[in-house]
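All residue numbers in this chain count up from 1 along the given sequence. Just the heavy atoms: all of them, side chains too, but no hydrogens, waters or symmetry mates, feed the values below.
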Amino acid sequence: QVQLVESGGGLVQAGGSLRLSCVASGRIFGWYGMGWFRQAPGKEHEFVATITWSGSSTYYADSVKGRFTISRDSAKNTVDLQINSLKPEDTAVYYCAASSQGTVTARSSYDYWGQGSQVTVSS
């Protein structure tokens, strides 16, 4: 089984930067998709970005492309999300997830989920 734990969230001023980390453990194959989703207050879960466990492929939602960078750190067994130029609309609980289907975007395609990390952006 796969276990995922997010960290790095907090309160940040608009325009600032934040780095989220997801520590993964268990049986994870290189073709698995490691994704980041977020849920803003009163909104549904939204796909943010995904990367294969091997780091060979990435995909971003249009709303975050150019500001967010997803990466894989083999030495630390983490999937990280670097967030730059934060906007108030980025305020949400950010979730790390793993899928056996690669870099998919649908929430239903992900098998394992972390408990989430709160990111709050002040204006």
Side-chain angles (χ1 to χ4, degrees):
Q1 296 183 353
V2 177
Q3 292 179 306
L4 306 170
V5 181
E6 304 95 334
S7 64
L11 177 62
V12 184
Q13 187 176 3
S17 298
L18 195 67
R19 187 176 183 86
L20 302 177
S21 293
C22 173
V23 180
S25 61
R27 186 176 291 275
I28 308 173
F29 295 93
W31 64 85
Y32 275 32
M34 308 300 295
W36 284 97
F37 289 77
R38 66 184 182 184
Q39 185 173 30
K43 301 292 183 63
E44 296 182 349
H45 276 245
E46 176 189 19
F47 167 77
V48 175
T50 183
I51 186 172
T52 53
W53 185 242
S54 67
S56 63
S57 181
T58 61
Y59 185 76
Y60 297 88
D62 290 339
S63 61
V64 305
K65 191 173 184 179
R67 297 190 299 117
F68 289 28
T69 302
I70 189 169
S71 61
R72 165 83 171 95
D73 190 327
S74 298
K76 299 180 179 179
N77 284 342
T78 63
V79 176
D80 303 320
L81 187 69
Q82 177 67 40
I83 309 174
N84 297 326
S85 301
L86 278 159
K87 304 175 181 180
E89 63 197 57
D90 294 322
T91 295
V93 177
Y94 284 72
Y95 296 91
C96 178
S99 172
S100 61
Q101 302 176 49
T103 54
V104 290
T105 63
R107 181 186 180 188
S108 61
S109 297
Y110 285 78
D111 307 296
Y112 307 97
W113 293 83
Q115 293 187 334
S117 183
Q118 176 71 49
V119 173
T120 303
V121 184
S122 62
S123 60

> Under the side chain to side chain donor-acceptor pair (under 3.5 Å) test, which residues partner Gln118, sequence neighbours left out?
Replying inline: Thr120
> Are any side-chain N or O atoms of Thr69 and backbone N or O atoms of Gln82, one a donor and one an acceptor, separated by less than 3.5 Å?
Replying inline: no
> With sequence neighbours excluded, what pairs up with Arg72 under the side-chain contact (heavy atoms from CB on, under 4.5 Å) test?
Replying inline: Ile51, Trp53, Ser74, Asn77, Val79
>> I'd like to check the side chain to side chain donor-acceptor pair (under 3.5 Å) partners of Ser17; sequence neighbours left out, ordered by chain and number.
In response: Asn84
Per-pair distances, 0.1 Å, donor-acceptor, side chain in residues 96-104, under 3.5 Å, sequence neighbours excluded:
| unit_1 | atom_1 | unit_2 | atom_2 | d |
| --- | --- | --- | --- | --- |
| Ser99 | OG | Gln101 | N | 3.0 |
| Ser99 | OG | Ser109 | O | 2.7 |
| Ser100 | OG | Asp111 | OD2 | 3.3 |

>> Suppose the criterion is disulfide bond (SG atoms under 2.5 Å apart): which pairs have a residue in residues 52-93, not counting sequence neighbours?
In response: none
>> Nearest 0.5 angstrom please: Ser63 OG to Phe47 CZ, how far?
In response: 9.5 Å
> Taking only residues at least two apart or on different chains, which pairs with a member in residues 36-78 satisfy disulfide bond (SG atoms under 2.5 Å apart)?
Replying inline: none
> Quick one: side chain to side chain donor-acceptor pair (under 3.5 Å) partners of Tyr32, sequence neighbours excluded?
Replying inline: none
> According to the interplanar angle, ranging from 0 to 90°, do the rings of Phe37 and Trp113 count as parallel (below 30°), tilted (30 to 60°) or perpendicular (above 60°)?
Replying inline: tilted
> What is the minimum heavy-atom distance between Pro88 and Ser123, and which atoms define it?
Replying inline: CG-CB, 4.1 Å
>> Nearest 0.5 Å, please: how far is CG in Leu81 from OG1 in Thr50?
In response: 11.0 Å
>> Quick check: is Val12 connected to Ile83 through a chain of hydrophobic side chains (ILVMFWY, heavy atoms under 4.5 Å apart)?
In response: yes
>> Treating Ser85 as the side-chain partner and Arg67 as the backbone partner, does any N or O pair qualify as donor plus acceptor under 3.5 Å?
In response: no
>> Does any part of the side chain of Leu4, heavy atoms only, come nearer than 4.5 Å to the side chain of Met34, both counted from C-beta?
In response: yes
>> Count I, L, V, M, F, W, Y as connected when their side-chain heavy atoms are under 4.5 Å apart, and connections chain through other members. Are Phe29 and Tyr59 then in the same cluster?
In response: no
>> I need the Leu86 CG to Phe68 CZ distance, nearest 0.5 Å.
In response: 6.0 Å
>> Taking salt bridge (Lys or Arg N to Asp or Glu O under 4.0 Å) as the cut-off, I'd like each qualifying pair that reaches into residues 2-12, sequence neighbours left out, listed once.
In response: none
Check: residues 20-27 side-chain donor-acceptor pairs under 3.5 Å, at least two apart:
| unit_1 | atom_1 | unit_2 | atom_2 | d |
| --- | --- | --- | --- | --- |
| Ser21 | OG | Asp80 | OD1 | 2.9 |

> Which residue pairs satisfy the disulfide bond (SG atoms under 2.5 Å apart) criterion with at least one member in residues 34-84, sequence neighbours excluded?
Replying inline: none
> Looking at side-chain heavy atoms only, is the closest gap between Ser71 and Arg19 below 4.5 Å?
Replying inline: yes
> Of all heavy-atom pairs between Ala49 and Tyr60, which one has the smallest distance, and what is that distance?
Replying inline: CB-CD2, 3.6 Å
>> For Tyr94, give me all partners under side chain to side chain donor-acceptor pair (under 3.5 Å), at least two apart in sequence or on another chain.
In response: Arg38
> Rounded to the nearest 0.5 Å, how far apart are CZ of Arg107 and OG1 of Thr105?
Replying inline: 13.5 Å
> Any chain of hydrophobic side-chain contacts (each under 4.5 Å) joining Ile28 to Tyr95?
Replying inline: no
>> Suppose the criterion is ring-ring contact (aromatic ring centres under 6.0 Å, His included): which pairs have a residue in residues 3-23, not counting sequence neighbours?
In response: none
